[in-house]
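Everything on this sheet refers to the single structure shown next.
None of these values were measured; they are calculated from a predicted model.
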Amino acid sequence: MVAEVERIATELAALGRDAEAVGRPTGRTGGLREFDILGGRGFINFLAVPRHECVYICGITWYE
């Protein structure tokens with residue numbers, strides 16, 4: 001599980017400014033985003049802040 005979150009965080013960081021449009025909500029950019037992980041058994045909340053050149057992982061939820 002930790003490896004999956006690290007992998008996704010690395011990929012989001014590599015996207016740079018485009019990370020603002022990944023995941024939900026669709027149709028708009030910016031703000032707190034949500035992205036499914038572990039084949040839909042959980043999700044990760046993140047905030048992409050291009051001004052800081054960072055992606056902040058705000059929460060991780062998974063269902064067992």
Could you tell me the separation between the [atom1] atom of [X] and the [atom2] atom of [Y], rounded to the nearest 0.5 Å?
X     : Y     : atom1 : atom2 : value
Glu20 : Leu47 : CD    : CG    : 8.5 Å
Ile57 : Ile8  : CD1   : CD1   : 8.5 Å
Glu53 : Arg17 : CD    : CZ    : 8.5 Å

* Contact check, side chains of Ile60 and Ile37, non-hydrogen atoms, under 4.5 Å -> yes
* Can Trp62 be reached from Leu12 by stepping across I, L, V, M, F, W or Y side chains whose heavy atoms are under 4.5 Å apart? -> yes
* Asked: Quick one: do Ile44 and Leu38 end up in the same hydrophobic cluster if we chain Ile, Leu, Val, Met, Phe, Trp and Tyr together by side-chain heavy atoms under 4.5 Å apart?
  ->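 Shared cluster, yes.
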* Asked: Closest heavy-atom contact between Arg33 and Val22?
  ->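 Shortest heavy-atom separation between Arg33 and Val22 comes out as NE-O, 3.1 Å.
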* Which heavy atom of Leu32 sits nearest a heavy atom of Phe46, and at what distance? ->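 Result for this residue pair: CD1-O, 3.5 Å.
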* **Arg24 side-chain N/O to Phe35 backbone N/O, donor-acceptor pair under 3.5 Å** =>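 Not a single qualifying donor-acceptor pair exists.
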